[in-house]
Structures are given as structure tokens and as C-alpha cells.
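Working notes for the structure below.
Counting starts at 1 for both ligands and their atoms, in listed order. Bear in mind that the values here come from a model prediction, so they are computed numbers and not experimental data.
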Amino acid sequence: MHTLIAITLRICFRLALFVLAFPLVAHAGLPQSSSVPGGVAVVPLGSVLTSADMPQSWLDNQPVLVTSDHGQWYAVVGLSLGMTPGSHELRVKFGDVTKMQGFEVNPKNYPEQHITLEDKGKVQLSAENLARAEREIAVIKELKRHWRAAPDTDLSFVLPAEGRLSGNFGLRRIFNGEPRSPHAGIDVALARGTPVGASAQGRVLAVDDYFFNGKTIFVDHGNGLITMYCHLDRFDVNAGEMVGKGQRIGLSGESGRATGPHLHWSVILNGAMVDPELFIPAKLSR
Ligand SMILES: [Zn+2]
């Protein structure tokens, strides 16, 4: 009997510890930290009490999002899929004082997917399509680096549409033995015409029809956080418009180079394409 009470007490104690520890780990206002290529590093910059003004931060020359949570300043750093694992440094400015803040990036091996296409024409582009695709890649590269200073940024996203996750982030795709760029977003299987909502409040940065991505909307959430919605069937917003969290921005489809109707959704942070699931509080169905 005494043993049973002792075990029950021990379990209760562990539960209490878990409940106490959980809010400290979860960071209500922060994305999940995952310091790997394609992840997000949440780097503490010190107490709000010692530095009342929000510090500014840069990775190389790209500005980085800084926010506060539970009385601490944090740099929320997007890590590109191509980033080299190891030690990296942020430049941080506290008023007139500039310091270097180190952080580690751990390696991560994303799964490989080998795809064999019989029709070589689907892999090799015509000169005209290649020129168009290259022009658009340059435009998209600029959009990804866009920076609009905002007083605050909502870092807790809603899924743009409910559906089965049909394509994982980071998948290394190899077509007929040739490596292509890794899958820098997630795919949600949706019937054509399903409403797609903005994952958080923001300003529509661009609305365009691209060769690969099809009808695409970029939403700028401020401070270098941008979401991208691809292969849409219809646009319901214009560039420059403000949108609310969950507000319908278009309908899903299979425009561009898509193998079926789905939404490709990417999250961009300080120019890096990062795993969207880090910004979604609940697990997605697969
Ligand atoms: Zn995709």
C-alpha cells in the first residue's frame, strides 16, 4: 500500500514538474526553435530590464527579426537549407553598442526522393521557358529579402487551409538522377477551389503568375517574415492590401508546374525558406 502511495506521489510530482517547466520551454510568442538548416534559431539576447530599447540584429548583412517574450529579447533567425552546420554569428546593436552573438547550427539529413520521368521534355525546359523561369527566380529572390519594419510580428500561424500534408519540407528531390532544389515548403492536398487564408495578419507583397509556382501570393508579416502561397486557381487580393489572420486571399488549384491540385506553402524568414511547421502550434495530419 505504501509503495502504491509513493509511486502515485512520484507521478504527481513529475506531472507538476512538467506543468511548471512546459511554459518555459514552449515560448508562447515564439516559433519552435530548431537550429538546423531549414529551421529557426531562437537566440536569447538578454533581459528587457537591462536593455529597454529593442536591439537590432543582422545575419551577414540581412536584418533579423527581434522580439521579446517573458521579459527577454530574442533574435528569431531563419536558417536556409543550404546553410553550413557549425558556429555562426549575429551582429547585434544595443543602442550605440554593437556585439557579436554566437549560435550553433546542427546538421540535419532530410530524406531523398528519386523520381524517374519517362518524358524528358518535362525535365528539360525550352529556351523560352528557361529564360522566363530564370527571370522569375531573380524576382522571387528579391521578394524573399524584402524588409518592412513593423512594431510587432505575429509568430503563431494558422494553417492556410485544412488538408492532408502531401509533401514534406526539405525533401531532396532527384529527377532522373539529377538533383533539383530541395522542397522549400509544405504541400497540402486540396480540391481545386478550396479557400486559402493568410496564415497571419500582414500586407500583400506580390501577386503574380509564375512558370513553376503558378498563381502565387506573397504576404509580408513584417520584420522579414513572409509567407508564399503557390499553384492557386484564383486571386482574391491585390498587392499592397492589408489582410487579417485567416482572411481568404484566393482559391487553391494546380496552376504552374503542379502534378495535381494542392497548395504549396512556404515561410520565409530573413530571406531563408524555413520549415512552416515550426510556426504552427498543432501537429499536421499526414
Ligand atoms: Zn510543394
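Residue side and main chain included, His264 places an N/O/S atom under 2.8 Å of the Zn ion (ligand 1). Look at His262 and the Zn ion (ligand 1): no N/O/S atom of the residue is under 2.8 Å from the metal.
Under 4.0 Å is where a charged nitrogen must lie from a carboxylate oxygen, and between Lys215 and Asp233 no such pair does.
In this structure, His231 NE2 and His264 NE2 are separated by 6.5 Å, a value rounded to the nearest 0.5 Å.
Asn106 and Ser35 share no donor-acceptor pair across their side chains, judged by distance under 3.5 Å alone.
Between OD1 of Asp187 and NE2 of His183, the angle at the Zn ion (ligand 1) works out to 100°, rounded to 10 degrees.
Classification of the His221-Phe157 ring pair by plane angle, with boundaries at 30° and 60°, yields tilted.
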